[in-house]
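What follows is one structure encoded as structure tokens, with my remarks underneath.
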Amino acid sequence: MAHPAERIPTRTHTAADDDVSKRLLDSAATLSYDPAVEIDWDAPLPPGQYGLNPEWSTLYGTALWAEMTEEQRVTLTRHEVGSIMTTGIWFEMILQQMVLRDQYLNNPAGAEFRFALTEIADECRHSIMFARACEKMGIPQYRPNQVVAQAGRAYKTLARGELAYGGILVAEEVLDVMQRDWMRGENVLDIVRGTSRIHVVEESRHMKFARQEIRERLRGAGTLRRRNAAFGIAVGAYVIVTSMVHPSVYKAAGLDVGRALAEARASEHRRAMMRTSSRHLMAFLAENGLLTAAAARLYRRIHML
Ligand SMILES: [Fe+2]
Ligand SMILES: [Fe+2]
């Protein structure tokens, strides 16, 4: 008779899969950061410096942007980056719980287990780092609305396998492209440049891990499962992208919230930025059969496609 443990359905995790995690572990051992010592948290914030490169502001290029004073632009970009960081913390909380749940009783001798825990440790430092940056910039807690907050709660409790790692990949890819610009942004606060640099380096490993996990979990998956995953990931992307910048950031900059939202939504510049930052992600999804017609419709609505 089979031992009860043998009846637990197992997935195929090959030696080649584990090699990916081994390389990521080596990379993490070589280059990881402690934001507590890496960032100069006591340095004053130069009053004229932006929170993010103006091109990444949701209002850049609009009529409203042209009417704004330089001071308003500085305030707005600081609140925008703070809102994105707060959304980042929210998402990292979801991610840590999903990865921890996914690794429950996984073989601790494997590199996959050790890298997954390394990633959780990274995310824990990132969230503290973003929290400190927001406090330093005087940004309030921009929380997602009640519906989205509860949807996030359900997702982090229920999502597994390719759906969990798909959501993780979406959030990491979108943030990655912006942060590559922020880390070398001219006239951008050092605190944003520094936190972005740390995040870009460490997240590039997380993205490799997520892509590998998605490929592995989908190995041999049927059409229905792939379609469900594709749609679920697209819904996740929709929620993440639409929650990134809180409407109250416009109020903080002394703007009319209704007008700002309307102009940001209609901005061609903004749409082009979103499409550019999603190009790499869309290529990966297409390669893995995750860019179904239903998913593509959702991505088009938020201009990721
Ligand atoms: Fe992170
Ligand atoms: Fe990450």
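As the structure lists them, so they are numbered: ligands from 1, and atoms in each ligand from 1. FYI, the numbering just counts along the sequence from 1. Predicted model only: the values in this text are computed from it and were never measured.
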Check your understanding: Looking only at side chains, do Gln72 and Tyr250 share a donor and an acceptor under 3.5 Å apart?
Key -> no
Practice item. Using a cut-off of strictly less than 2.8 Å, determine whether Asp122 has an N/O/S atom near the Fe ion (ligand 2). Key: no
Review point. Is Glu119 close enough that one of its N/O/S atoms sits under 2.8 Å from the Fe ion (ligand 2)?
Key: no
Review point. Quick one: does Trp41's side chain have a donor or acceptor within less than 3.5 Å of a partner on Pro35's backbone?
Key: yes
Check your understanding: Would one find an N, O or S atom of Glu92, in either backbone or side chain, under 2.8 Å from the Fe ion (ligand 1)?
Key -> yes
Check your understanding: Where the Fe ion (ligand 1) is the centre, what is the NE2-to-OE2 angle for His199 and Glu203, rounded to 10°?
Key -> 90°
**Study point:** Shortest-distance N, O or S atom of Glu123 relative to the Fe ion (ligand 1)
**Key:** OE1
Practice item. Tell me yes or no: between the side chains of His269 and Ser267, is some donor less than 3.5 Å from an acceptor? Key: no
Review point. So, Ser21 versus Asp18: side-chain donor-acceptor pair below 3.5 Å or not?
Key: no
Practice item. Taking atom CZ of Arg226 as the centre, report whether more than 12 heavy atoms of other residues, nucleotides or ligands fall under 6.0 Å from it. Key: yes
Practice item. Tell me whether His126 has at least one N, O or S atom under 2.8 Å from the Fe ion (ligand 2). Key: no
Practice item. For atom CZ of Arg301, decide whether the heavy atoms of other residues, nucleotides or ligands shown that lie under 6.0 angstrom number more than 12. Key: no
Review point. Looking at the Fe ion (ligand 2), which N/O/S atom of His206 is the nearest one?
Key: ND1
Exercise for review: Would you mind naming the N, O or S atom of Glu172 nearest to the Fe ion (ligand 2)?
Suggested key: OE2
